[in-house]
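Following: one structure in structure tokens, then a few remarks.
Computed over heavy atoms, backbone and side chain alike; hydrogens, waters and symmetry mates excluded.
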Amino acid sequence: MAETILFYALAITAFSAAFAVVLQKSALGSAFALIVVLCSLSAIYGLLGSPILATLQIVIYAGAVMVLFLFVIMLLDVRREKGGGGPRSFVPLALLFAGLLVLQVGAVLVGSELVPQSAPFDGSAKAFARRLFSQDYVYVFEATSVLIVAALAGALALARRRR
Amino acid sequence: MTASSPLPSYVPILVLGAIAAGFAILTILFSHLIGRPRSTPAKSATYECGMPPVGTAHARFPVKFYLVCVIFILFDVDAAFLYPWALVFRELGIFGLIEMALFVCILGGGFAYAWKTGALDW
Amino acid sequence: MSETLLRHALALSLALFAVGAVGVLLRRNVITVLMCIELMLNAANLALVAFSRSWAAVDGHVMALFVLTVAASEAAVGLAIVIALQRARDTLDVDAFDELRG
Amino acid sequence: MTALTWPQELAIRSALALTVVAFLLGLFSVMTYIERRLLAFMQFRLGPNRTGPLGLFQPVADGIKLFFKEEFVPQAANRWAFIAAPAVAITTALMAVAVIPYGGAVTMPRFDLLPEWLRGRPIPLQIAHLDVGVLYLFAVSTLGVYGIVLAGWSANNKWSLIGALRSSAQMFSYELALGLSWVGPILLAESLRIEDIVACQAGGIHRWNAIIQLPAFMIYLFAATAEVGRLPFDLPEAEAELVAGFHTEYASMKFALLQMAEYVNMITVSVLATDFFLGGWHAPLVSLQSAAGVNLGLLWFGGKTGALLFLFIWLRGTLPRLRYDQLMRFGWKVLVPAAVMHILGTAAVILWLTR
């Protein structure tokens with residue numbers, strides 16, 4: 001019961017904060033709204049039985065990625081930008097597209113098969129780690145490191161001042 | 001011992017969070033109520049060693065800070081993989097060690113690149 | 001976690017994804033657009049976690065961690081591009097960046 | 001002993017959380033006094049000695065003064081962010097203590113005043129038994145950056161902004177080394193629960209991680225000192241260069257909250273060092289664990305933490321400040337590679353020994 005109330009409270013928070021991300025005029029406001037979304041999603045992961053993902057979400061997203069966003073917003077002094085929403089003529093088109101998207105993905109999700117909750121679920125850190133480092137994910141895991149290095153090299157090369 | 005606990009393990013954290021946030025808000029509110037705001041233009045100006053402030057503080061700052069933050073993110077991800085690995089490395093045995101060593105070596109390559117290009121020098 | 005709650009978690013994921021998509025389409029500021037993309041990635045993650053719970057398998061969580069990694073890399077490179085472009089054009093409006101030549 | 005129902009469990013946890021918060025805040029005010037006195041003695045001064053006997057009421061006087069100070073928001077500041085920053089800083093600092101065990105369990109006395117279910121029940125001194133305790137700590141400590149960035153940016157002051165940038169860059173550089181130094185103890189305990197890591201070190205000083213994981217302990221000490229911005233790594237504040245860094249514009253209780261957050265962080269890292277590396281509440285020799293039938297766990301725990309806190313003050317009294325480039329170079333080029341190498345080495349040794 002308490003779990004249900006908590007879930008809906010978090011869901012409403014996440015959803016309204018997501019709206020704020022899109023509607024905020026200043027990039028900094030968007031960033032803080034996004035942090036709220038990330039934290040409530042992390043709590044929802046906890047409710048869904050994955051404490052490790054809940055914490056990793058905070059470590060990687062709220063702790064690192066959003067700090068990077070804040071840094072860039074401060075670095076470029078985005079407050080000077082006037083760019084708000086797009087031209088008015090775009091709005092109906094975008095909403096139409098979003099509506100179609102909701103319909104389509106919604107159809108898939110509603111039609112999706114949810115297994116009844118009889119099966120025991122072990123979302124503990126150990127179970128997670130066992131699966132992550134099993135043979136099935138070896139290549140993905142190693143590819144991740146290549147991805148990270150590529151991103152690092154790319155970011156360094158792009159951001160350094162050309163001389 | 002938590003397996004037998006009737007309370008989900010995250011609930012005390014919520015309680016603590018509420019206590020901490022409540023304490024912070026109450027303190028700020030309380031001091032706001034009893035403090036005596038007597039503001040003058042000179043007092044509420046930005047502090048710049050007593051000189052009249054020049055320009056805004058929101059000027060651009062060195063890209064260096066961005067670079068170090070990028071390197072931090074990528075090694076943060078590394079840590080995010082190391083923690084779960086540390087939990088099960090005994091079961092994985094030598095296979096797991098080689099898997100992680102390879103991962104770290106590839107990241108080390110990126111680190112060496114960052115080192116060589118001077119992103120770590122200030 | 002009842003089945004209704006899982007369904008509603010999926011609905012939330014869908015809603016977040018749609019909001020993110022609208023943001024990507026409507027906003028002109030590159031940084032905000034990137035943030036909306038992060039929102040969409042998070043929505044996908046929520047769906048992965050919910051399905052993982054429903055199927056009683058951790059695989060969804062593992063994939064969600066990989067998505068997190070990808071999101072971190074994407075943010076690093078995306079923001080580096082923003083910095084480079086800002087230097088070249090002195091603006092953050094997406095429409096200013098419609099040429100491939102830097 | 002009967003199992004607890006959830007309201008009883010919740011009551012215990014909430015009481016524990018309140019106690020810990022109150023204790024930390026009390027310790028904070030005592031620490032300000034002790035630090036000033038000790039520093040003064042190291043510099044052949046007296047320090048605060050006028051308010052009450054030996055100046056013991058100095059923290060109280062300071063607190064009252066700060067409460068009645070003028071509430072003040074600079075005109076150029078971003079008002080709400082400026083007010084929110086201290087709250088964010090202290091909240092994240094206090095959240096970190098949730099998963100830390102503070103010295104075994106305390107058995108409730110059999111007073112008649114206590115309700116039936118509480119009498120004689122051992123209560124573990126830990127607010128939340130989280131499956132991913134260490135990771136939670138890492139997460140909360142990364143959130144600590146927000147308070148600083150927010151404070152520095154919102155004040156719209158050049159000193160504050162530079163201080164905040166330096167401070168945050170320093171924090172996440174050293175956070176990495178801090179987080180990586182915990183992996184060694186995790187490898188030994190094979191658990192992310194801090195109580196398991198402490199339990200792993202039971203049975204004498206030769207099992208403490210400070211001995212068998214000495215490099216990790218050294219890395220932790222360096223990283224923790226830098227993480228909480230203490231000398232010789234107090235670049236964020238650097239009074240002489242930066243006019244106190246990110247809290248230049250703060251006054252009154254908001255300043256006090258920022259200061260409190262720093263001290264709470266310092267206490268937290270000391271407690272963590274005790275739990276991770278110094279065997280928590282276990283005595284160096286098994287025979288010293290209890291005296292006259294009383295378990296001395298809490299005493300050992302407090303003693304180790306106190307020694308570490310003294311170390312922080314001692315360092316401040318002794319060492320000069322590093323330059324910023326030296327600081328960043330040390331963090332990235334020495335600590336982080338050393339931590340990663342140490343993790344792989346530890347894992348290899350463990351596998352070889354248990355082959």
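No other option in A/A31, A/A127, A/A143 has as many heavy-atom pairs under 4.5 Å with chain C as A/A31. Your options are C/L14, C/T69, C/I83, C/L34, and the one with the most heavy-atom pairs under 4.5 Å with chain A is C/L14. The most heavy-atom pairs under 4.5 Å with chain A, out of C/S73, C/A9, C/A76, C/G78, come from C/S73. Contact count versus chain A (heavy atoms, under 4.5 Å) is highest, among C/V22, C/I81, C/V49, for C/V49. Chain A forms the most heavy-atom pairs under 4.5 Å with one residue out of C/L12, C/L46, C/T32, C/V70, and that residue is C/L46. Note: A/F69 leads A/Y8, A/F69, A/F15 in heavy-atom pairs under 4.5 Å with chain C.
In this structure, chain C has a heavy atom under 4.5 Å from the side chain of A/I60, while its backbone stays farther away. Heavy-atom distances place no part of A/A150 under 4.5 Å from chain C, backbone and side chain included. Only the side chain of C/A21 comes within less than 4.5 Å of a heavy atom of chain A; its backbone N, CA, C and O stay farther away. For C/E38, the parts lying near chain A are the backbone and the side chain together; criterion is any non-hydrogen pair under 4.5 Å. A/A11 touches chain C through backbone and side chain together, each having a heavy atom under 4.5 Å away. Contact annotation for A/F128: both backbone and side-chain heavy atoms come within less than 4.5 Å of a heavy atom of chain C. Heavy atoms of C/A47 lying under 4.5 Å from chain A are absent altogether. At a 4.5 Å heavy-atom cutoff, the contact between A/Y61 and chain C is made by side-chain atoms alone. Heavy-atom distances place both the backbone and the side chain of A/V140 under 4.5 Å from chain C. Proximity to chain A is absent for every atom of C/V24, based on heavy atoms less than 4.5 angstrom apart. In this structure, chain A has heavy atoms under 4.5 Å from both the backbone and the side chain of C/L10.
Shortest non-hydrogen contact noted between C/F17 and C/A43 is N-CB, 3.5 Å. The shortest non-hydrogen separation linking A/Y137 to A/L132 is CB-O, 3.5 Å. Of all heavy-atom pairs between A/A125 and A/I52, the closest is CB-CD1, 3.8 Å.
In the displayed structure, C/F66 atom CZ is contacted under 6.0 Å by more than 12 heavy atoms of other residues, nucleotides or ligands. Environment of CD in A/E142: crowded, with over 12 heavy atoms of neighbouring residues, nucleotides or ligands closer than 6.0 Å.
Note that OG of C/S52 is 11.0 Å distant from CG of C/N45, once rounded to the nearest 0.5 Å.
At least one donor-acceptor pair closer than 3.5 Å links the side chain of A/T55 to the backbone N or O of A/P51.
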Donor-acceptor list for residues 35-50 of chain A side chains, cut-off 3.5 Å, not counting sequence neighbours:
from	atom 1	to	atom 2	distance (Å)
A/S40	OG	A/V36	O	2.7
A/S40	OG	A/V37	O	3.3
A/S42	OG	A/A54	O	3.0
A/S50	OG	A/L53	N	3.3
A/S50	OG	C/H61	ND1	3.2

Exercise for the section: Apply side chain to side chain contact (heavy atoms under 4.5 Å, CB included) to the pair A/D136 and A/R131, showing each step before the final yes or no. Expected result: CA-CA 8 Å; A/D136 300 348; A/R131 198 78 194 97; 2.9 Å; yes

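Counting heavy atoms from C-beta on, the side chains of A/F97 and A/L93 never come closer than 4.5 Å.
No hydrogens or angles considered: nothing links the side chains of C/R7 and C/T4 as a donor-acceptor pair under 3.5 Å.
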